[in-house]
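Right, one structure below, let's go through it.
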Amino acid sequence: MAEICGIIGDLKREGEGEYVIPTSTIFGLGMDEVKQLVGEGLKIGDEDPRNDGVEVRGASPFKVMRILCSKYGWTTDGDVVSTEAPGGRTAAMWTLTRKVA
């Protein structure tokens with residue numbers, strides 16, 4: 001059995017070779033795991049606590065995945081699901097898994 005979490009980022013191309021990802025959203029983490037990410041220096045907010053998901057500002061999905069995978073036992077196959085988003089953006093989602101002990 002495994003735990004699953006998802007990370008979504010809105011990517012926007014500002015210019016040639018210049019992409020911005022101002023916010024990433026993480027779904028499926030418990031509050032203790034969110035606190036661990038805050039301890040890693042990530043700026044995390046929760047604009048709608050009634051629904052699953054927290055927003056990470058100032059860190060790309062890649063930085064979030066690097067922390068979760070290298071320090072907290074999560075893995076990813078690297079596959080991305082992407083779709084167009086309003087405002088000339090692209091929404092990209094990665095799935096991470098972790099074996100339950």
Side-chain angles (χ1 to χ4, degrees):
M1 189 143 154
E3 296 177 292
I4 298 174
C5 76
I7 301 174
I8 297 177
D10 278 343
L11 295 78
K12 185 171 183 179
R13 185 173 187 207
E14 295 284 312
E16 189 171 331
E18 182 183 355
Y19 295 86
V20 293
I21 311 171
T23 304
S24 302
T25 304
I26 308 172
F27 295 94
L29 294 182
M31 285 308 299
D32 55 331
E33 295 163 310
V34 171
K35 289 178 183 175
Q36 289 174 329
L37 292 177
V38 170
E40 295 290 336
L42 298 180
K43 296 175 185 148
I44 298 181
D46 192 355
E47 305 233 348
D48 187 358
R50 294 174 296 157
N51 292 306
D52 186 23
V54 294
E55 298 79 37
V56 181
R57 302 211 184 278
S60 73
F62 305 103
K63 182 174 183 174
V64 175
M65 285 189 284
R66 188 169 46 249
I67 291 169
L68 288 172
C69 294
S70 68
K71 296 187 178 186
Y72 299 105
W74 291 92
T75 61
T76 181
D77 59 11
D79 289 344
V80 62
V81 175
S82 62
T83 186
E84 290 184 26
R89 296 173 294 141
T90 299
M93 181 178 73
W94 294 265
T95 301
L96 281 68
T97 59
R98 178 170 65 181
K99 290 190 184 261
V100 175

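What's counted below: heavy atoms across the whole structure, side chains too, no hydrogens, waters or symmetry copies.
Contact record, Ser24 with Ser60: OG-C, 3.5 Å, taken as the closest heavy-atom pair. Ile8 and Met93 get closest at one heavy-atom pair: CG1-CG, 3.7 Å.
For Asp52 (side chain) and Phe27 (main-chain N/O), no donor-acceptor pair under 3.5 Å exists by modelled atom type.
The hydrophobic cluster containing Val38, built from Ile/Leu/Val/Met/Phe/Trp/Tyr side-chain heavy atoms closer than 4.5 Å, also comprises Ile7, Leu11, Ile21, Ile26, Leu29, Val34, Leu37, Leu42, Ile44, Val54, Val56, Phe62, Val64, Met65, Ile67, Leu68, Tyr72, Trp74, Val80, Trp94, Leu96.
Taken to the nearest 0.5 Å, the CZ atom of Arg66 stands 10.5 Å off from the NZ atom of Lys71. For the atom pair Glu33 CD and Arg98 CZ, the distance stands at 4.5 Å (nearest 0.5 Å). Distance check, rounded to the nearest 0.5 Å: CD of Glu84 to OG1 of Thr90 gives 6.5 Å. Here OG of Ser82 is found 14.0 Å from CZ of Arg89. Values are rounded to the nearest 0.5 Å. Taking NZ of Lys63 as the reference point, atom CD of Glu40 lies at 9.5 Å (rounded to 0.5 Å).
Judged as a side chain to side chain contact (heavy atoms under 4.5 Å, CB included), and not counting sequence neighbours, the contacts of Asp79 are Asp77. In terms of the side chain to side chain contact (heavy atoms under 4.5 Å, CB included) criterion, residue partners of Arg57 (sequence neighbours excluded) are, by chain and number, Thr23, Glu47.
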